[in-house]
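See below for the structure under consideration.
All values below were derived from every heavy atom in this structure, side-chain atoms included, with hydrogens, water molecules and symmetry-related copies excluded.
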Amino acid sequence: AMLAEDVTYEVREPVARNESTPPEILAMLAKDMDSVVRRYVATNESTPLEILAMLAEDRNSYVRQYVATNELVPLEILARLAEDEDSVVRQYTAMNKSAPPEILAMLAEDKNSVVRRCVAMNKSTLPETLAMLAEDKNNYVRRYIATNKSTPPEILSMLAEDKNNLVRRYSVTSLCRWVGTNYEIC
């Protein structure tokens, strides 16, 4: 507990990051005046859910971003973060490997193209969401779908005829990985 109360954040930070730190110390550090310390509490897999819920409401968007990266964050908290005013928080939510398909589908309609790009990269994104994003006006969104290892060959085939040459190139490369080098375009 003494290290958790040290005057310098550089000492408190490793305590916040340590998965062996007791919940009561993590609760104390979750209220730390330094956002860096609160960020590390947010990513700690031992942080109790009620503390993560509190940090998901933190005034500092960086803290909320770190909560969004925690793969143990419950669905209710991720759903709240998916609607955060800060687009970077929504991006981190879209990149969370544990984000459920319904949250990813919602984020696939985000006005921010970087958020949609993050959904396109997430291997948990369902094929129907990827199919919708394959028609996105943003080249980068389509390019990330083309490189997502979960994108089905039907979508890759469609993207192999995209108007953007890099989208076509990445789609063909991914398609060849799916079907092997026997495919006529490989």
To the nearest 0.5 Å, tell me how far [X] [atom1] sits from [Y] [atom2].
{"X": "Lys137", "Y": "Ser113", "atom1": "NZ", "atom2": "OG", "value": "8.0 Å"}
{"X": "Thr21", "Y": "Arg17", "atom1": "OG1", "atom2": "CZ", "value": "11.0 Å"}
{"X": "Met54", "Y": "Thr47", "atom1": "CE", "atom2": "OG1", "value": "9.5 Å"}
{"X": "Leu126", "Y": "Ser150", "atom1": "CG", "atom2": "OG", "value": "10.0 Å"}
{"X": "Asn112", "Y": "Arg90", "atom1": "CG", "atom2": "CZ", "value": "6.0 Å"}
{"X": "Glu83", "Y": "Asp110", "atom1": "CD", "atom2": "CG", "value": "10.5 Å"}

Decide whether [X] and [Y] are clustered together by the hydrophobic rule: side chain heavy atoms of Ile, Leu, Val, Met, Phe, Trp, Tyr closer than 4.5 Å, transitively.
{"X": "Leu72", "Y": "Val41", "result": "no"}
{"X": "Val11", "Y": "Val36", "result": "yes"}
{"X": "Val37", "Y": "Ile51", "result": "yes"}
{"X": "Tyr92", "Y": "Ile77", "result": "no"}
{"X": "Tyr40", "Y": "Leu49", "result": "yes"}

Evaluate Ser174 against Arg177 for side-chain hydrogen bond (donor to acceptor under 3.5 Å, both in side chains), listing each step before the verdict.
CA-CA 5 Å; Ser174 294; Arg177 193 173 44 245; 3.2 Å; yes

Got a donor-acceptor contact below 3.5 angstrom from the [X] side chain to the [Y] backbone?
{"X": "Arg64", "Y": "Leu81", "value": "no"}
{"X": "Asn148", "Y": "Ala120", "value": "yes"}
{"X": "Thr125", "Y": "Leu130", "value": "no"}
{"X": "Ser124", "Y": "Lys97", "value": "yes"}
{"X": "Asn44", "Y": "Ala16", "value": "yes"}
{"X": "Thr151", "Y": "Ile145", "value": "yes"}
{"X": "Asn96", "Y": "Asn70", "value": "yes"}

Between Gln65 and Asp86, is the side chain to side chain contact (heavy atoms under 4.5 Å, CB included) condition met? List the steps.
CA-CA 9 Å; Gln65 289 169 24; Asp86 187 298; 4.1 Å; yes

Indicate the atoms forming the closest heavy-atom contact of [X] with [Y], along with that distance.
{"X": "Leu175", "Y": "Pro153", "result": "CD1-O, 3.7 Å"}
{"X": "Asn122", "Y": "Ala94", "result": "ND2-O, 2.8 Å"}
{"X": "Thr129", "Y": "Ala108", "result": "CG2-CB, 3.5 Å"}
{"X": "Ile103", "Y": "Ala79", "result": "CD1-N, 3.5 Å"}
{"X": "Pro127", "Y": "Ile155", "result": "O-CD1, 3.5 Å"}
{"X": "Ala99", "Y": "Leu104", "result": "O-CD1, 3.6 Å"}

Test item: [X] and [Y] side chains (from C-beta on) under 4.5 Å apart, heavy atoms:
{"X": "Met132", "Y": "Glu109", "value": "yes"}
{"X": "Val88", "Y": "Ser61", "value": "no"}
{"X": "Arg12", "Y": "Val15", "value": "no"}

Ring-face cation contact, Tyr144 with Arg117, 6.0 Å cut, 45° max:
no

Using the side-chain contact (heavy atoms from CB on, under 4.5 Å) criterion, which residues pair with Ala42? Sequence neighbours excluded.
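Result, side-chain contact (heavy atoms from CB on, under 4.5 Å) vs Ala42: Leu55, Tyr66, Val67.
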
Working for side-chain hydrogen bond (donor to acceptor under 3.5 Å, both in side chains), residues Asn165 and Arg168:
CA-CA 5 Å; Asn165 65 338; Arg168 287 194 310 272; 5.4 Å; no

For Glu19, does the CD atom have more than 12 heavy-atom neighbours from other residues, nucleotides or ligands under 6.0 Å away?
yes

Can you tell which of Arg143, Arg142, Arg116, Lys111 makes a salt bridge (charged side-chain N to carboxylate O under 4.0 Å, His left out) with Asp136?
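Output: one option passes, namely Arg116.
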
Run the side chain to side chain contact (heavy atoms under 4.5 Å, CB included) test on Arg38 and Leu29 for me, step by step, so that the C-alpha distance in whole Å, both residues' side-chain angles and the decisive distance to 0.1 Å come before the verdict.
CA-CA 6 Å; Arg38 296 193 311 275; Leu29 291 171; over 6 Å; no

